[in-house]
Amino acid sequence: MSQSSSPVIRLADYRPTPYAIDTVDLDFDLTPETTLVTAVLVLSPRPGTAAGEPLVLDGDELELVRVVLDGRELASTDYEASANRLTIKAPPAGSFRLETTTRLNPAANTKLMGLYRSSGTWCTQCEAEGFRRITYYYDRPDVLSVFTVRIAAPKAEAPILLSNGNPVSSGELADGRHFAVWQDPWPKPSYLFALVAGDLDALEDDFTTMSGRKVKLAIYVEKGNAPKAAYAMDSLKRSMKWDEEVFGREYDLDVFNVVAVSDFNMGAMENKGLNVFNDKYVLADPEIATDTDYAGIEAVIAHEYFHNWTGDRITCRDWFQLCLKEGLTVFRDQEFSSDMRSRAVKRISDVRLLRSQQFPEDGGPLAHPVRPEQYKEINNFYTATVYEKGAEVIRMLKTLIGDDAFARGMDLYFARHDGEAATIEQFVACFAEASGRDLEPFMVWYREAGTPIVTVEESWDEAARRYTLTLAQVTAATPGQQTKKPRVIPVRFGLVGPGGEDMRPTSISGSEVNGDTLILTQPSHTVVFEGLPSRPVPSLFRRFSAPVKVRQSLSSGDLIFLLANDADSFNRWQAGTTLAMTALVKATQQVRAGQAPTFETAPIDALGSLLDDPALDAAFKALLIAVPSENDVAREVGENVDPDAVAAAHHAYRRTIAARLEARFRAVLDADEAAAGEPYVPDAAGSGRRSLANTALDLLSMTGSPEAMALVRRRFETATNMTDRLAALTILVHRGDAGAEAALSAFFARFGEVPLVVDKWLSAQASAPLPETLDKVMELTRHPAFSFGNPNRVRALIGAFATANPTQFGRADGRGFGFVADVIARLDDANPQLAARLLVSFRSWRSYEPKRRVQAETALRSIQIKPQLSRDVADILERTLA
Ligand code: B3K
Ligand code: ZN
């Protein structure tokens, strides 16, 4: 369907369905080419439904075989059926039984929505609207029902038959077939349905819950891969324990199954009792996975498990409420990872992600509120705004009402809405009740898009010992929202005294104060702190207490002071980042003006002395010296961006750091090599050490000295784990080192059979900031290890090129844009979700300088002229060009 003809779905139009589905019995008869699905629904009218009101069920590319109503096969005049709708014109009064049979071809399902095949395994993905590709149904989250599922399949091909809930029976059938029946006692919406059938290995374990019930755990993987699921299993058990201890949530079925598949549109899916995962977030050992992969597995396993309560037991009334489960579950997984690792390091990583993914979304054509009010294609709303900003909003709520009220609010939410499909209003009402605070003003965070800018001005009255901060907020217009209301903004703060201690004013006036937090509610506040012994250095938004942009002109001296002294680790890092960003933006302006970039040395030396501080952990040091990315700098520059100028400034800055801190970086690497004999552990300490060493190596290589490059080559050759090996390979490739080709060949010779590692090999090449990269990427699309049919391969090659290679995607000749646009147009028929995701990489096209802006627009328009664009791509395109 083309975009212009696809309807806008609006929150304001929400109505419950006229009928409830009391029970669902699904029968799957699986053969590779054809699958017959018989669904028996027992339906009953909801109160207020008029007698004979038509029953209209959703479908998508369905082929109807027959319809039986209360035991009688319907004549074609009694119903209307199309591929995307089944209407029973006049259902009987009272409850009735509808039986439909549909015929599917899972092998031909390249959209990876509904029932499809991945490496010979039958699997499903139903969120958001994939269940309607299996059978006619009320495919929406507010229709909850209890499911019984019978699966029959050829036993040799699919000895493992899984669905939601608990296994109830199984047995043999004729012709080498067998069956299994699964029953899920918990009412759920269709998007949480799952089925898996295949010849898989399992890693098994068990977990005893807090009330003493033993739960059987299994992670199913392709043959031979079970040992690689060990870290995922360990993460699962830690997640189950943590959710009991921190949120009081106990698991509620006899079994919990996870299945890893290699063809998956996203990270993973929280189907009740049967999570289906992209194998990238399950499989790991030190040979194939990096520290980042391990942390990702831990976080995603936790995230999907936590959905059991925030998503499954309490689900969303409609898709506008998506952040009800996603923002909350991201918040929960962030807290889990913080408890497992370093809280400060986790916070900094999360904020970096928010700024790099969500801020550009909020500031561009795809901006939408955390709780949107309209959509054309819901799959395009699984965004950083709904997920990451959604989590920030919950974090602010906690800051605002305090930990205890927050915990009581969560308990109330679980108690009050268990078994329901809820709204954001209902969720927030629990916290209003638990805290006694009016949270209506806070709702602006859910209703309005855009990142507020908070401007800070200070003054110090030496004679009166009075310190004044003026904090003013504004949020720019976003598509469809011209005017913005002021938000409730919690500002966690410290007033840092000359010795690094937090000073205590005798009084604070001008805003509400809650412990160490100022609460802004007005467009502007003048906050007065009385009775301070000397001018403090303000440390604002500690721990990043609100997802805003801060405009504050602290001197380099103040920032260097905070970098060294702030009691808040996040703000120490923030001070260093602000110093680096200021230097990079200034250098970019110098390059554009045809001047050589120049840098202050004091901030660099300050970083250098922190490297010597034994009190700081390695992961934190790595974050301190990590230079903001070129994309970060471009975002800060904001308009008329010339990616080549940004790259030149970035290059010059890194060379300056490298030259100045060379000896220290060498010391870091020596220390790392001294630890080389220790066994690989992907925990905070081990990954921190590697992260610091590899960041130092990357910077050291910027000197371009033969010794530095020899060191990189040696580290590549002698690496004993994937983290170090990939870090060294990436440096060789990105610097265009003479040894790069040999290293790439050696890497492929060793790992060419492991698709998840091939992805790293593809990404390292696609992100190389070299003029030959585009041709290389085109050539790699024809490599036997690459396939347009596999989302991980496409993201590793094309996605990395479009998002992690600003100078080559943004080539001055426009060929980078043109290439990615061609790929999107080509992918759209087979896999619209994947194509739409890639298209998002164009969202900041208006920030380019005029020449590139024209070229990006030309590329976007070349997609638009393609006939039969998917709704997914057409929607993103329309909004991007609007
Ligand atoms: N809920 C799924 C995402 C589904 C995406 C549908 N397009 C995974 C998650 O957030 O846990
Ligand atoms: Zn989720």
Side-chain angles (χ1 to χ4, degrees), residues 60 111-114 116 123-133 139-141 164 188-194 232 235-236 239 243 258-261 263-282 296-316 318-337 350 353 357 370 372 375-391 394 421 791 795 831-840 870-873 875-876:
D60 182 11
K111 296 184 178 170
L112 313 185
M113 282 296 280
Y116 66 95
C123 60
T124 55
Q125 171 57 34
C126 292
E127 188 176 2
E129 297 178 334
F131 191 71
R132 63 184 66 184
R133 296 169 59 77
D139 192 15
R140 42 187 278 172
N164 314 92
K188 66 168 176 292
S190 52
Y191 82 87
L192 292 172
F193 165 80
S235 304
L236 174 60
S239 306
D243 212 16
V258 171
V259 180
V261 299
D263 302 270
F264 207 63
N265 275 343
M266 56 231 134
M269 178 64 213
E270 70 264 25
N271 318 296
K272 182 77 189 190
L274 177 56
N275 289 357
V276 177
F277 270 64
N278 186 327
D279 59 6
K280 173 179 164 58
Y281 291 109
V282 171
I297 291 169
E298 181 179 75
V300 179
I301 286 274
H303 179 96
E304 305 310 331
Y305 174 72
F306 297 155
H307 267 314
N308 189 57
W309 272 94
T310 50
D312 299 3
R313 285 285 285 260
I314 306 179
T315 193
C316 304
D318 51 65
W319 290 123
F320 298 102
Q321 321 294 331
L322 185 57
C323 65
L324 178 78
K325 72 178 180 81
E326 296 304 349
L328 178 55
T329 305
V330 171
F331 170 79
R332 277 152 52 69
D333 85 54
Q334 290 174 344
E335 286 299 291
F336 169 74
S337 294
D350 289 341
L353 181 77
Q357 305 301 318
V370 171
Y375 62 76
K376 285 190 169 179
E377 171 51 62
I378 187 57
N379 282 317
N380 289 337
F381 284 80
Y382 287 75
T383 58
T385 298
V386 168
Y387 278 65
E388 270 70 37
K389 190 175 178 184
I394 297 195
R795 285 186 285 253
N831 191 335
Q833 269 186 52
L834 183 60
R837 267 302 148 115
L838 277 182
L839 182 55
V840 169
S870 68
R871 192 164 62 203
D872 308 60
V873 163
D875 169 44
I876 300 276

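In listed order, ligands and their atoms are each counted from 1. Residue numbers start at 1 and run along the sequence shown.
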| query | Does Glu326 put an N, O or S atom under 2.8 Å from the Zn ion (ligand 2)? | reply | yes

| query | What is the name of the N/O/S atom in His307 that sits closest to the Zn ion (ligand 2)? | reply | NE2

| query | Any idea which atoms of ligand 1 are less than 4.0 Å away from a heavy-atom of Gln833? | reply | 7 (N)

| request: Taking only heavy atoms of Asn379 into account, list the atoms of ligand 1 that are under 4.0 Å away from them. | output: 6 (C), 7 (N)

| said: If I apply the N/O under 3.5 Å rule, does Tyr382 come out as touching ligand 1? | reply: no

| remark: atom 5 (C) of ligand 1 has as its nearest protein heavy atom Met266 SD, 3.2 Å

| query | What atoms of ligand 1 come closer than 4.0 angstrom to any heavy atom of Glu270? | reply | 1 (N), 2 (C), 8 (C), 9 (C), 11 (O)

| query | Backbone or side chain, does any N or O of Glu304 fall under 3.5 Å from an N or O of ligand 1? | reply | yes

| note | Exactly one candidate in Glu304, His303, His307 meets side-chain hydrogen bond (donor to acceptor under 3.5 Å, both in side chains) with Thr329; the answer is His307

| task | For atom 3 (C) of ligand 1, grab the closest protein heavy atom and report residue, atom and distance to one decimal in Å. | result | Tyr387 OH, 3.5 Å

| Going by heavy atoms in the side chains, are Tyr191 and Thr315 under 4.5 Å from each other? | yes

| What salt bridge (Lys or Arg N to Asp or Glu O under 4.0 Å) pairs are there with at least one residue in residues 380-390, not counting sequence neighbours? | Asp362-Lys389

| remark: What one should report as the nearest heavy-atom pair of Pro832 and Lys111 is CD-CG, 3.8 Å

| task | Within a distance under 4.0 Å of any heavy atom of Met269, pick out the atoms of ligand 1 and give their elements. | result | 1 (N), 2 (C)

| said: According to salt bridge (charged side-chain N to carboxylate O under 4.0 Å, His left out), who are the partners of Glu127, at least two apart in sequence or on a separate chain? | reply: Lys325

| said: Quick test of your reading of the model: are Asp60 and Arg132 salt-bridged, counting only N-O distances below 4.0 Å? | reply: no

| task | Find all atoms of ligand 1 within a distance of less than 4.0 Å from any non-hydrogen atom belonging to His307, and give their numbers and elements. | result | 9 (C), 10 (O), 11 (O)

| query | By number and element, which atoms of ligand 1 are closer than 4.0 Å to a non-hydrogen atom of Lys325? | reply | 1 (N)

| query | Heavy-atom distance under 4.5 Å between the side chains of Asn831 and Pro791, does that happen here? | reply | yes

| note | atom 8 (C) of ligand 1 has as its nearest protein heavy atom Ala268 O, 2.9 Å

| For Phe306, the option from Glu270, Arg332, Glu335 that meets side chain to side chain contact (heavy atoms under 4.5 Å, CB included) | Arg332

| query | Considering only N, O or S atoms, which atom of His303 is nearest to the Zn ion (ligand 2)? | reply | NE2

| query | Do Asn164 and Asn271 get their side chains close enough for a donor-acceptor pair, meaning under 3.5 Å? | reply | no

| Would Tyr375 and Phe320 count as a close aromatic pair, with their ring centres under 6.0 Å? | yes

| Protein heavy-atom partner closest to atom 1 (N) of ligand 1 - residue, atom, separation in Å | Glu127 OE1, 2.6 Å

